[in-house]
Amino acid sequence: MAKEDKKQWILKYMAEHKKEFIDITAENFVFAYADEFKPNIIEVYPYGTPKIPEIGKLLAELYKENKVCRYRHYCDNWQDGYPRWFYIYYLKE
């Protein structure tokens, strides 16, 4: 599937799930993305949500395109291999 289709899916997901945090560690979002697109690279850890590298890239592109906003979140419960901080994204109002 084309990158633009994936970005449109993310924007639609964000619009339909406004009360959810959307980030690279958001379990519902990550699993929904994996079910929809079946990405080739999924990094599984013994804890937390699997990591799908393309999600972070797509969210960053949406931010650079001025379609979403973001803020930095520091993770108090982090483990080796898992991010110490990450961005949480939300739709522009």
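When reading the values below, keep in mind they use all heavy atoms of this one structure, side chains included, and skip hydrogens, waters and symmetry mates.
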Work out which heavy atom in I52 is nearest to a heavy atom in A34; give both atom names and the distance. CD1-CB, 3.9 Å
Check whether more than 12 heavy atoms from other residues, nucleotides or ligands sit under 6.0 Å from atom CZ of F21, and answer yes or no. no
Does the cation-pi check pass for K6 over F37, that is, NZ or CZ under 6.0 Å from the six-membered ring centre and within 45° of its axis? yes
Which of parallel (below 30°), tilted (30 to 60°) and perpendicular (above 60°) describes Y33 and W9? perpendicular
Could you tell me the separation between the CD atom of E61 and the CG atom of L59, rounded to the nearest 0.5 Å? 10.0 Å
In terms of heavy-atom contacts, does CG of N40 have more than 12 from other residues, nucleotides or ligands at under 6.0 Å? no
Flag side-chain contact, heavy atom, 4.5 Å: D23 against H73: no
Non-hydrogen side-chain atoms of I42 and K51 separated by less than 4.5 Å: no
Less than 4.5 Å apart, side chain to side chain, heavy atoms only: is that true for P53 and E43? yes
Between F29 and Y13, is the ring centroid distance below 6.0 Å? yes
Taking 4.0 angstrom as the limit, do E54 and K57 come out as a salt bridge? no
Hits for side-chain contact (heavy atoms from CB on, under 4.5 Å) against V68, two or more places apart or cross-chain, chain-then-number order -> L11, M14, L62, Y63, Y89, L91
For K92 and C69, work out which heavy atoms get closest and say how close. CG-SG, 3.5 Å
Measuring from atom NZ of K67 to atom CD1 of I10, what distance do you get when rounded to the nearest 0.5 angstrom? 11.0 Å
Which atom of I24 lies closest to which atom of V30, heavy atoms considered: O-CG2, 3.5 Å
So, taking the atom named NZ in K3 and the one named CD in Q8, what distance separates them when rounded to the nearest 0.5 Å? 13.5 Å
Could you grab the distance from atom CD of E27 to atom OG1 of T49, nearest 0.5 Å is fine? 5.0 Å
Hydrophobic cluster membership, I41 vs F31, 4.5 Å side-chain cutoff: no
Using side-chain heavy atoms (C-beta onward) and a distance below 4.5 Å, is Y71 in contact with Y90? yes
